[in-house]
Amino acid sequence: MLKKLYNKYRNFILYCLIGVINTGVDFGIFALLDNVGLYYLAAHIISYHCGILCSFFLNRYYNFKVKDKPARRFLSFYGVSLAALAGSAALLYLLVSVMSLNHLIGKLIATVIIAVCQFLFVKNFTFKK
């Protein structure tokens with residue numbers, strides 16, 4: 001039964017595991033840049049781009065295993081990621097500047113909300129076979 005569930009949700013499970021890795025990259029770089037005094041939204045944009053690169057390569061090779069048309073797929077992935085970046089930056093601004101949450105807590109909440117939406121687009125458009 002577990003194998004059947006895994007096979008059915010394999011892409012989502014691997015996307016989440018890869019998401020943990022690229023989110024670690026994103027958060028690590030964000031925390032470092034925030035700690036040295038870079039404006040939190042600038043730190044978010046820089047760290048998010050590092051996470052985008054990590055996520056694309058890991059999802060391409062290990063999750064969706066689609067290796068054709070790398071430039072087109074990267075541009076599609078990058079476009080979806082930029083839309084997610086805009087959404088997460090808006091949420092981060094709302095959570096930090098309007099609701100006065102801690103920078104890292106706000107980033108965590110924004111990341112979780114955007115990740116689910118981003119998975120649906122990546123699966124159905126970027127890496128669709």
Side-chain angles (χ1 to χ4, degrees):
M1 182 173 163
L2 286 176
K3 185 171 178 85
K4 193 174 187 178
L5 277 174
Y6 173 78
N7 288 335
K8 184 175 181 177
Y9 297 107
R10 177 191 173 280
N11 288 131
F12 184 71
I13 293 166
L14 288 177
Y15 186 83
C16 290
L17 291 173
I18 289 168
V20 168
I21 294 168
N22 73 279
T23 299
V25 168
D26 179 8
F27 268 77
I29 293 170
F30 176 81
L32 176 70
L33 295 173
D34 188 53
N35 193 45
V36 298
L38 190 64
Y39 181 61
Y40 74 92
L41 286 176
H44 173 64
I45 290 168
I46 292 167
S47 67
Y48 198 89
H49 277 82
C50 295
I52 288 171
L53 293 172
C54 177
S55 182
F56 175 76
F57 288 108
L58 291 175
N59 274 297
R60 179 173 180 233
Y61 287 105
Y62 299 108
N63 187 3
F64 299 106
K65 298 180 181 182
V66 177
K67 296 177 183 149
D68 65 331
K69 308 175 199 161
R72 184 185 73 77
R73 292 190 189 280
F74 179 75
L75 289 175
S76 173
F77 188 86
Y78 192 69
V80 169
S81 297
L82 287 179
L85 172 60
S88 66
L91 277 171
L92 183 59
Y93 177 81
L94 175 71
L95 294 167
V96 171
S97 294
V98 176
M99 298 176 69
S100 300
L101 286 179
N102 173 278
H103 294 171
L104 291 175
I105 300 295
K107 183 160 176 70
L108 177 64
I109 293 168
T111 299
V112 169
I113 292 169
I114 294 300
V116 173
C117 299
Q118 192 172 1
F119 167 76
L120 296 172
F121 281 100
V122 166
K123 181 180 185 222
N124 293 309
F125 297 106
T126 302
F127 292 115
K128 186 174 184 176
K129 294 181 182 179

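Residues: numbered from 1 along the sequence shown. Heavy atoms only: backbone and side chains are in, while hydrogens, waters and symmetry mates are out.
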Asks: Is there a side-chain contact between Leu14 and Phe64 in this structure, where contact means two heavy atoms from C-beta onward sitting under 4.5 Å apart?
Replies: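 They are not in contact (no side-chain heavy atoms under 4.5 Å apart), so the answer is no.
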Asks: What's the spacing between Ile45 CD1 and Leu82 CG if we round to 0.5 Å?
Replies: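 These two atoms lie 10.0 Å from each other.
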Asks: List the residues meeting salt bridge (Lys or Arg N to Asp or Glu O under 4.0 Å) with Arg73, not counting sequence neighbours, and say none if there are none.
Replies: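 Partners of Arg73 by the salt bridge (Lys or Arg N to Asp or Glu O under 4.0 Å) criterion, ordered by chain and then number, come out as Asp68.
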Asks: CG of Leu108 to OG1 of Thr23: how many Å apart, nearest 0.5 Å?
Replies: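 Those atoms lie 9.0 Å apart.
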Asks: Side-chain heavy atoms under 4.5 angstrom apart, residues restricted to Ile, Leu, Val, Met, Phe, Trp, Tyr: same cluster for Val36 and Val25?
Replies: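 Result: no, two separate clusters.
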Asks: If you measure from CD1 on Ile52 to CG on Asp26, what distance do you get to the nearest 0.5 Å?
Replies: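 Ile52 atom CD1 to Asp26 atom CG measures 9.0 Å (nearest 0.5 Å).
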Asks: Working to the nearest 0.5 angstrom, can you tell me the gap between Thr111 OG1 and His44 NE2?
Replies: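 If I round to the nearest 0.5 Å, the distance is 7.0 Å.
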Asks: Does a side-chain heavy-atom distance below 4.5 Å link Phe56 with Phe127?
Replies: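 Side chain of Phe56 against side chain of Phe127, heavy atoms only: contact under 4.5 Å found.
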Asks: Going by atom types alone, do Tyr78 and His49 pair a side-chain donor with an acceptor below 3.5 Å?
Replies: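 Note: Tyr78 and His49 side chains meet the donor-acceptor criterion.
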Asks: Quick one: CD1 on Ile13 to OH on Tyr6, what's the gap to the nearest 0.5 Å?
Replies: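 If we round to the nearest 0.5 Å, Ile13:CD1 and Tyr6:OH are 6.5 Å apart.
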Asks: Are any non-hydrogen side-chain atoms of Leu58 and Cys54 less than 4.5 angstrom apart?
Replies: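 Leu58 reaches Cys54 side chain to side chain.
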Asks: Where is the tightest heavy-atom contact between Ile114 and Ala84, given as atom of each residue plus distance?
Replies: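 Where Ile114 meets Ala84 most closely, the heavy atoms are CG2-CB, 3.4 Å.
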Asks: Find out whether Ile29 and Leu33 are in side-chain contact, i.e. whether some heavy atom of one side chain is under 4.5 Å from a heavy atom of the other.
Replies: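 Heavy-atom side-chain distance check passes, below 4.5 Å.
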Asks: Quick one: closest heavy-atom pair of Ser88 and Tyr48, and the distance?
Replies: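 Result for this residue pair: OG-CE1, 3.9 Å.
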Asks: Should Phe77 and Val122 count as side-chain neighbours, where that means a heavy-atom distance under 4.5 Å?
Replies: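 Phe77 reaches Val122 side chain to side chain.
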Asks: Is there a path from Val98 to Leu41 through hydrophobic residues (I, L, V, M, F, W, Y) whose side chains come within less than 4.5 Å of each other?
Replies: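 Hydrophobic grouping puts Val98 with Leu41.
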Asks: Within the structure provided, determine whether Phe74 and Arg60 are in side-chain contact (heavy-atom separation under 4.5 Å).
Replies: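 No, every pair of side-chain atoms sits at 4.5 Å or beyond.
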Asks: Measuring from atom SG of Cys16 to atom CD1 of Ile21, what distance do you get when rounded to the nearest 0.5 angstrom?
Replies: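 Interatomic distance, Cys16 SG to Ile21 CD1, rounded to 0.5 Å: 12.0 Å.
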Asks: So do Ser47 and Lys107 actually touch side chain to side chain, heavy atoms under 4.5 Å?
Replies: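 In short, these two side chains touch, coming nearer than 4.5 Å.
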Asks: Pairs of donor and acceptor atoms involving the side chains of residues 89-97, under 3.5 Å and at least two apart or interchain, shall be tabulated with distances.
Replies:
residue: Ser97; atom: OG; partner: Tyr40; partner atom: OH; Å: 2.5

Asks: The criterion is ring-ring contact (aromatic ring centres under 6.0 Å, His included); which residues satisfy it with Phe119, sequence neighbours excluded?
Replies: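 Here the qualifying residues are Phe12, Tyr15.
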Asks: Would you call the rings of Tyr61 and Phe57 parallel, tilted or perpendicular if under 30° counts as parallel and over 60° as perpendicular?
Replies: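 Parallel: the ring planes of Tyr61 and Phe57 meet at under 30°.
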Asks: Assigning hydrophobic clusters by single linkage (Ile, Leu, Val, Met, Phe, Trp, Tyr; side-chain heavy-atom cutoff under 4.5 Å), is Ile18 placed with Val116?
Replies: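 No, Ile18 and Val116 fall in different hydrophobic clusters.
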Asks: Is it the case that one hydrophobic cluster holds both Tyr39 and Phe27, taking links as side-chain heavy atoms less than 4.5 Å apart, direct or via other members?
Replies: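 Yes, because Tyr39 and Phe27 connect within a single hydrophobic cluster, where side-chain heavy atoms sit under 4.5 Å apart.
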Asks: May I ask you to test the Leu104-Phe30 pair for a side-chain heavy-atom distance under 4.5 Å?
Replies: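 Yes, side chains in contact.
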Asks: Indicate yes or no for a side-chain donor-acceptor contact from Asn35 to the backbone of Ala31 under 3.5 Å, with no hydrogens or angles considered.
Replies: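 Checking the backbone N and O of Ala31 against the side chain of Asn35, no donor-acceptor pair under 3.5 Å is found.
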